[in-house]
Amino acid sequence: QLVESGGGLVQAGGSLRLSCAASGGTVSDWAIGWFRQAPGKEREPVVGIDRLGRITYYADAVAGRFTISSDSAKNTVDLQMNSLKPEDTAVYSCAARAITTHRDAGEYDYWGQGTQVTVSS
């Protein structure tokens with residue numbers, strides 16, 4: 001089971017740190033992808049990290065502002081989001097699949113419930 005945390009309301013230019021925790025397992029055993037879905041829009045991939053800790057993709061819209069990392073001590077995969085923009089407003093979800101990441105959300109086996117990120121202008 002995956003559980004996201006860290007969402008909230010922040011002003012444009014601010015930062016948030018999201019965490020994806022794995023209960024009943026080790027998060028580093030899985031490839032983890034972060035996705036987001038804004039109101040009225042399709043879910044889109046944000047960033048992925050494979051089981052070896054290699055970052056496999058960043059969406060162009062977040063490159064240079066978002067950073068993904070794996071914390072074995074906390075058993076989490078974290079998403080540090082800096083220089084947030086109103087267009088980053090969305091529900092952010094983490095997902096897990098075996099071996100490596102995929103940009104297609106349908107390829108993932110396990111999902112968290114999502115956490116709301118709202119960026120005000």
Side-chain angles (χ1 to χ4, degrees):
Q1 182 179 359
L2 301 176
V3 179
E4 302 95 337
S5 62
L9 173 64
V10 65
Q11 289 188 331
S15 299
L16 283 174
R17 188 176 184 88
L18 307 183
S19 288
C20 175
S23 62
T26 302
V27 70
S28 59
D29 287 343
W30 300 90
I32 300 295
W34 278 99
F35 292 80
R36 67 184 183 183
Q37 187 167 21
K41 295 187 177 181
E42 292 187 356
R43 181 180 289 168
E44 62 177 356
V46 177
V47 61
I49 187 167
D50 68 13
R51 294 186 306 169
L52 299 179
R54 296 173 300 193
I55 299 167
T56 52
Y57 63 83
Y58 274 106
D60 290 342
V62 307
R65 299 187 298 122
F66 290 12
T67 303
I68 190 171
S69 60
S70 181
D71 189 325
S72 59
K74 296 191 302 179
N75 196 27
T76 62
V77 170
D78 298 333
L79 182 63
Q80 178 67 41
M81 306 186 297
N82 298 327
S83 302
L84 283 161
K85 305 175 181 180
E87 51 264 43
D88 294 319
T89 295
V91 175
Y92 285 71
S93 301
C94 63
R97 68 188 301 266
I99 303 182
T100 190
T101 59
H102 202 290
R103 292 175 185 259
D104 184 347
E107 293 292 326
Y108 286 79
D109 302 306
Y110 303 100
W111 287 84
Q113 82 287 353
T115 186
Q116 177 70 47
V117 171
T118 304
V119 184
S120 63
S121 58

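Computation of the quantities below employed the complete heavy-atom set of this structure, encompassing side-chain atoms and omitting hydrogens, waters and symmetry-equivalent molecules. In this chain, numbering begins with 1 at the start of the sequence shown.
Panel note: side chain Tyr58, backbone Arg65; no donor-acceptor pair is recorded below 3.5 Å. Between the side chain of Gln1 and the main chain of Gly24, no donor-acceptor pair closer than 3.5 Å is present. Side-chain atoms of Arg103 do not come within 3.5 Å of backbone N or O of Pro45 as any donor-acceptor pair. The main-chain N or O of Val3 is never found under 3.5 Å from a side-chain atom of Gln113 such that the two would form a donor-acceptor pair. Between the side chain of Thr101 and the backbone N or O of Gly33, no donor-acceptor pair lies under 3.5 Å. Between the side chain of Asn75 and the main chain of Val27, a donor-acceptor pair closer than 3.5 Å is present.
Residues Met81 and Val117 have side chains in contact (heavy-atom distance under 4.5 Å, counting atoms from C-beta outward). Put simply, the side chain of Ile49 reaches to within 4.5 Å of the side chain of Ser70, judged on heavy atoms. Counting heavy atoms from C-beta on, the side chains of Ser121 and Pro86 come closer than 4.5 Å.
When the side chains of ILVMFWY residues are joined at heavy-atom separations under 4.5 Å, either directly or via intervening members, Leu9 and Leu16 end up in two distinct hydrophobic clusters. Following chains of ILVMFWY side-chain contacts shorter than 4.5 Å, one can reach Val46 starting from Leu84, so the two form part of one hydrophobic cluster. Cluster membership check: Phe35 does not share its hydrophobic cluster with Val47, using side-chain heavy-atom separations under 4.5 Å among Ile, Leu, Val, Met, Phe, Trp and Tyr. Side-chain heavy atoms closer than 4.5 Å link hydrophobic residues (I, L, V, M, F, W, Y) into clusters, and following such links, possibly through other members, connects Ile68 to Tyr110. Clustering ILVMFWY residues whenever any of their side-chain heavy atoms sit less than 4.5 angstrom apart, transitively, puts Tyr57 in a cluster other than the one holding Leu79.
Contact detail for Ser15 and Ser83: the closest heavy-atom pair is OG-N, 4.3 Å. Smallest separation of non-hydrogen atoms from Trp30 and Ala98: CE3-N, 3.8 Å. Leu2 and Cys94 get closest at one heavy-atom pair: CD1-O, 3.8 Å. Taking both residues in full, the closest heavy atoms of Asp78 and Ser19 are given as OD1-OG, 2.7 Å, listed atom of the first, atom of the second, then distance. Smallest separation of non-hydrogen atoms from Arg51 and Asp29: CD-O, 2.9 Å. Contact between Ser69 and Arg17 at its shortest, heavy atoms only, is OG-NH2, 3.6 Å.
Annotation for Ile99: atom CD1 does not count as buried by contact number, only 12 or fewer foreign heavy atoms lying within 6.0 Å. Atom CG of Asp104 has more than 12 heavy atoms from other residues, nucleotides or ligands within 6.0 Å.
A side-chain N or O of Gln80 and one of Asn82 form a donor-acceptor pair less than 3.5 Å apart.
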Thr89/Arg36 under side-chain contact (heavy atoms from CB on, under 4.5 Å): CA gap, chis, key distance, verdict | CA-CA 9 Å; Thr89 295; Arg36 67 184 183 183; over 6 Å; no
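Taking the centre of each ring, Phe66 and Trp34 stay at or above the 6.0 Å mark.
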